[in-house]
Amino acid sequence: MKTTFIGLAALAVIAVGCAATQPLPSSQELDQKALTVIKASFREQGIAKLDRLDQDLGQRACSSDKPPGADVAQQVETAALATIKWPVDGRYLGDWKEGEKLAQNGRGATWTDKADAANGGSCYNCHQIGKAELSFGTIGPSLYNYGKLRGVADPASPTSAPIVQYTWGKLWNSKAYAACSNMPRFGHAALLTQDQIRDVMALLLDPRSPVNQ
Amino acid sequence: MRYLLIAGALLASVLGVSAQQKSAADGIAEYRKMLEDGNPAELFEAKGEVLWKQRRGPRNASLERCDLGKGPGIVKGAWVELPRWFADTQRVQDLESRLLTCMETLQGLNAVEIAKTPFGRGEQVSMEALVAFISAESRGLKVSLPQSHREEQVMYEIGKRAFFFRGGPMDFSCSSCHNQAGQRVRLQDLPNLTVNPGDGVGFAAWPAYRVSSGELWSMQRRLNDCFRQQRFPYPGYASDVTIALGVYMGVNAKGAQSIAPALKR
Amino acid sequence: MADPMRIRAQAAGDKATVRVLMAHEMETGQRKDAAGKIIPGWYIQEVSAQLNGKTVMTAQWGPAVAKNPFLQFAIKGAKAGDKVSVSWVDNKGEKRTDEATVS
Amino acid sequence: MQTRRDMLSHSAKLAAMLAAVGMLPTLASAQAAGYNAAAFDAKTIPDLMKALGGGAPVESKDVTVTGPDIAENGAVVPIGAATALPGVKRMLLLVEKNPSVLTAIFDVTDAVDSNFATRVKMGQSSDVYAVAMMNDGKVLFAKKEIKVTLGGCGG
């Protein structure tokens, strides 16, 4: 009787000890736990609804400290390429002056923004673009002289077509060319309209744009 | 010859750009230096100290018996060890969630109501002053979050996953901006929060007085605005995802000297 | 009531440098709130400093002085132990005076 | 809607009236005269000088203006005005492109250095002026350009 009691007490001590030294849950269990914590921690506010936490294939594949495998990356890129809507009238370039305004504007799509407010392109947040703007980010490559460096003298010419189309595609859905690109999918996510993308295109590719001076 | 010309033009443009970048960066450094002396965070520290000692709430009690992890009433050094496990609440808590606990248990205030209050109003104003005071009591100390409790380790793992979690219309995660040193958004340097980014940088610089809004921002508010700019939904105040991110950044920043409350753009 | 100022006065040589932080909104009267209504101006208009009770400096400020204002100036002949006080009055007539000892 | 004009204090109204009849210089030298709302309403430097009863400002190497070349945020820009010249009556800090040019007036006594630093709001990049109004009526200035940048994510 007495030994049993001591034995139970010893067991209890072991149990308490275990609580602190028990091995961590498996990586998969932690993934699940993290997802549960994330879903439970956010609430909707303004235009920012909870469906923003529902990940698509690419978002899921690019949500760890390691890049996805080559096959998954390929799958993401192929799917992304298929989403690109090319301009129906074949007109790729708009007004570079409007494009500069969009590049400067970092507003839109936050819970403090209104649903009907036009979004900016936030381009200068991450890229150098026009030389006059000193306040530019460096997460993305410099886009200064973007068209000039790529030899775009006439954006309408057939020789310019590949770079013009690539640039449109990159703006529409950056993940078509790099599965885990940091750049938002401006066309695919409806952050910018076709016309707005034309204006940003002009900022980058129009030989008259200060970007190419 | 033509290639040489192009190469020359490229070099010139690269050189021109780097010279310009340097001058802008130098200018900003000079600006920050000029603001160093006389951080308005001091005003909040002073107010927070008064609030810590003042009898308030339905129980007419001060927070002087609040246990921030180093024992009741010990403020010095508490900030650089948070978030951590608390046996009484059976939770890993950051400074703000722990203060909510103390305001409720000691002073009889309603923690749920305070958590729901928008920043800059009501008891949230007290909260910002309190975090200024408490973090200032760890100024110069090294960040050293405990990781001995299993739940602290679990929260680190959850925080890591939350840090890399991509979502929203812009596909951003914390890692989009904070996984590499030397990058900027506009002119603001972005610390790499996956490692120790250095003394007084990143985790070791918050809470901070934000020049742009003229307010003191706790880490909770800093994270809240990160998620807003990430185009995520609204993170609950002192919610587990925010605490887990605190654990992740804090553990990564082990050894970094805290300069909180700092002065920020 | 307005929150206290933070005043630091340090003697060096034949003068003392005074650094002051004041807790004030310094609302310009030109900003609009979320509803599009102008937020009324609310800012410090007059500042004065005294050394051992004698006025040594007066200032007038407009709304372009930054929120939670900082002010630095130097008082000649001030030495350790002297009392420096700073006062302000805002456009609503609110006032605040705080004192520090020169160190 | 309340405008700053509505907030003119009684004494300020008086000051404005006196300024209109050219009596301001004597009033401005009397420190107890109160807040010079007309000066803080001035949109240009000539208008400001009119309100303060000063002559045309002359650029001078004896006056210094301090401030960063570039400001990370226009909400808080550290600037200062200083001169070692004797006979200074007051020092001013101006931001040329702000809605009103005058930011601050510091009345100088024998007991303080003519050296003041504060922090100002700047709506955009602009020249910033340090002005020394002398007892003999001279008005001296120094200026420098401060660029205000857009910071952060801009959202």
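All values derive from a computational prediction rather than experimental measurement.
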One should read off an interatomic distance between C/Phe73 CZ and D/Asn115 CG, to the nearest 0.5 angstrom, of 11.5 Å

Heavy-atom distance under 4.5 Å between the side chains of D/Phe106 and C/Met57, does that happen here? yes

Considering residues, nucleotides and ligands other than D/Asp110, do more than 12 of their heavy atoms fall under 6.0 Å from its CG? no

Considering only heavy atoms, give the residues of residues 9-20 of chain C separated from chain D by less than 4.5 Å, sorted numerically, with 'none' for an empty result. C/Lys15

Sub-4.5 Å side-chain heavy-atom contact between C/Trp61 and D/Leu93: no

In terms of heavy-atom pairs under 4.5 Å with chain D, the winner among C/Ala78, C/Ala49, C/Gly77, C/Ala74 is C/Ala74

Counting neighbours of NZ on D/Lys144 that are heavy atoms of other residues, nucleotides or ligands and sit closer than 6.0 Å, is the number greater than 12? yes

Closer than 3.5 angstrom, by distance alone: can the side chain of D/Thr118 be matched with the main-chain N or O of C/Leu71 as a donor-acceptor pair? no

Does some side-chain heavy atom of D/Arg119 sit less than 4.5 Å from a side-chain heavy atom of C/Pro69? no

Looking at C/Gln60 and D/Asn36, would you say the former's side chain and the latter's main chain have a donor-acceptor pair under 3.5 Å? yes

Sort out for me which of C/Asn68, C/Leu51, C/Val65, C/Val89 touches chain D most, counting heavy-atom pairs under 4.5 Å. C/Val65

Suppose a student defines contact as a heavy atom less than 4.5 Å from any heavy atom of chain C. Which residues in residues 64-84 of chain D would they list? D/Ala75, D/Val76

Any side-chain heavy-atom pair from C/Thr55 and D/Thr109 closer than 4.5 angstrom? no

Mark yes or no for whether D/Lys121, through its side chain, and C/Lys67, through its backbone, hold a donor-acceptor pair below 3.5 Å. no

Side chain, backbone, both or neither: which part of D/Asn98 has a non-hydrogen atom closer than 4.5 Å to chain C? side chain

Would the number of heavy atoms belonging to other residues, nucleotides or ligands and lying under 6.0 Å from NZ of D/Lys147 be above 12? no

